[in-house]
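Reviewing the structure listed below.
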Amino acid sequence: MPRYAQLVIGPAGSGKSTYCSTMVQHLQTLNRSAQVVNLDPAAEHFDYPVMADIRELIQVDDVMEDASLRFGPNGGLVFCMEYFANNFDWLGESLGHVEDDYILFDCPGQIELYTHLPVMKQLVEQLQQWEFRVCGVFLVDSQFMVESFKFISGVMVALSAMVSLEIPQINIMTKMDLLSPKAKKEIEKYLDPDMYSMMEDNSDNIRSKKFKNLTKAICGLIDDYSMVRFLPFDRTDEEGINIVLQNIDFSIQYGEDLEFKEPKEVDEEPANLNYDAFFQDKVDS
């Protein structure tokens, strides 16, 4: 039997722990079992039970207090993750092996772990050796993505993680429930964006010709190959959470022995810009 894993990644403050807590509660309402593993050695608190906690192996505070290492917060976290990569046996023993494992890995928020350091890639390879089907769940704060250039930056980070980890990846805009009604309407255009139109709308703000050409090339890469798109995540919207879960389950073929339908795609140009109506018909009947 295959095992299933969500690797919950993204920048600090993007809502990874909240996502894990919300998703576990949602799975429980569907009578599905799921476990969470905390892989953040700097975590202070979270409101979900864990089956394994990396802080039992190593903690950032201990590394920073070591006089022989003298690491700051960032260097200490990298050291902890490299130590973890050399001690995957601890994780294997903590996970054990039960039928139909479905595990969420709540990962640290240091973005270089997903873009150019090898630690998370090594973790993915180890999980695959343990017969896990792994999906990356990349979170970005919707409050950060409401401006075009910030959005492009977020897209590039998500794309970098996709290239680095080489696993199916679902990109999610979190904290939609914290946006004002006006901001919710504004952000709809970023869920499945027309990058060329976005570039034209902001071309007057770019004074440097070289920067304008670079931005145009980046927008073209994203738009021409449809490499990155986002799903909204509102922790108060069960229907929206189910859409996210459907996409993740499809990417790892959870329950492949059952009849499984591919999730419907969000319309490229929704006619109704009302936030609630926008997602009304997105769940498979």
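This chain uses plain numbering: 1 for the first residue, then up along the sequence.
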Should [X] and [Y] count as side-chain neighbours, where that means a heavy-atom distance under 4.5 Å?
X	Y	value
Asn242	Leu30	yes
Lys185	Pro181	no
Pro168	Ile252	no
Val134	Leu165	no
Val140	Val157	no
Leu127	Ile103	no
Val37	Ile54	no
Val137	Val244	no

Out of curiosity, [X] [atom1] to [Y] [atom2], how far, rounded to the nearest 0.5 Å?
X	Y	atom1	atom2	answer
Asp40	Cys80	CG	SG	9.5 Å
Asp234	Met173	CG	CE	14.0 Å
Leu231	Leu245	CG	CG	11.5 Å
Leu7	Phe132	CG	CZ	11.0 Å
Asn87	Ile58	CG	CD1	8.5 Å
Leu191	Asn171	CG	CG	11.5 Å

Non-hydrogen atoms of [X] and [Y] that approach each other most closely:
X	Y	result
Ser94	Met51	O-CE, 3.8 Å
Glu44	Arg55	O-NH1, 3.8 Å
Val228	Ala158	CG1-CB, 4.4 Å
Ala34	Leu104	CB-CD1, 4.4 Å
Cys135	Ile167	C-CD1, 4.1 Å
Val63	Gly76	CG1-CA, 3.9 Å

Excluding sequence neighbours, so at least two apart, what forms salt bridge (charged side-chain N to carboxylate O under 4.0 Å, His left out) with Arg32?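 Salt bridge (charged side-chain N to carboxylate O under 4.0 Å, His left out) check on Arg32 returns Asp249.
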Whether [X] side chain and [Y] backbone form a donor-acceptor pair below 3.5 Å:
X	Y	answer
Asp66	Asp62	no
Arg133	Pro2	no
Asp237	Phe233	no
Lys16	Leu139	no
Ser14	Pro11	yes
Thr29	His26	yes
Ser164	Ser160	no

Tell me whether Leu178 is reachable from Met23 by hopping between hydrophobic residues (I, L, V, M, F, W, Y) whose side-chain heavy atoms are closer than 4.5 Å. no
Could you go through Met176 and Ile187, starting from their C-alpha distance and side-chain angles, then the distance that decides it, and tell me whether this counts as side chain to side chain contact (heavy atoms under 4.5 Å, CB included)? CA-CA 9 Å; Met176 296 290 287; Ile187 210 166; 3.6 Å; yes
Side-chain H-bond candidate by donor/acceptor type, Asp141 with Gln143, under 3.5 Å: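 Distance-only check passes for Asp141 and Gln143.
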Evaluation steps, side chain to side chain contact (heavy atoms under 4.5 Å, CB included), between Val60 and Phe71: CA-CA 9 Å; Val60 168; Phe71 282 124; over 6 Å; no
Name the orientation class of the two ring planes belonging to Tyr254 and Tyr4 (parallel below 30°, tilted from 30 to 60°, perpendicular beyond 60°).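 Because their plane-to-plane angle is over 60°, the rings of Tyr254 and Tyr4 count as perpendicular.
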Is the Phe88 ring parallel, tilted or perpendicular to the Phe84 ring (thresholds 30°, 60°)?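 Rings of Phe88 and Phe84: perpendicular, as their planes differ by over 60°.
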Does the side chain to side chain contact (heavy atoms under 4.5 Å, CB included) test come out yes or no for Gln122 and Gln126, once each step is laid out? CA-CA 6 Å; Gln122 293 168 358; Gln126 183 61 72; over 6 Å; no
Tell me whether the count of non-hydrogen atoms from other residues, nucleotides or ligands lying under 6.0 Å of CD in Gln128 goes above 12.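 Count over threshold, so yes.
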Could you note down all residue pairs passing ring-ring contact (aromatic ring centres under 6.0 Å, His included) where residues 104-129 supplies at least one of them, sequence neighbours left out?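 Listed once each, the pairs would be none.
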Which ring-ring contact (aromatic ring centres under 6.0 Å, His included) pairs, counting each pair once, include a residue from residues 35-63, with sequence neighbours left out? Phe46-Tyr48
Using side chain to side chain contact (heavy atoms under 4.5 Å, CB included), reason through Thr174 and Thr18 one step at a time and then give a plain yes or no. CA-CA 9 Å; Thr174 59; Thr18 300; over 6 Å; no
Any salt bridge between Asp177 and Arg235, counting N to O under 4.0 Å? no
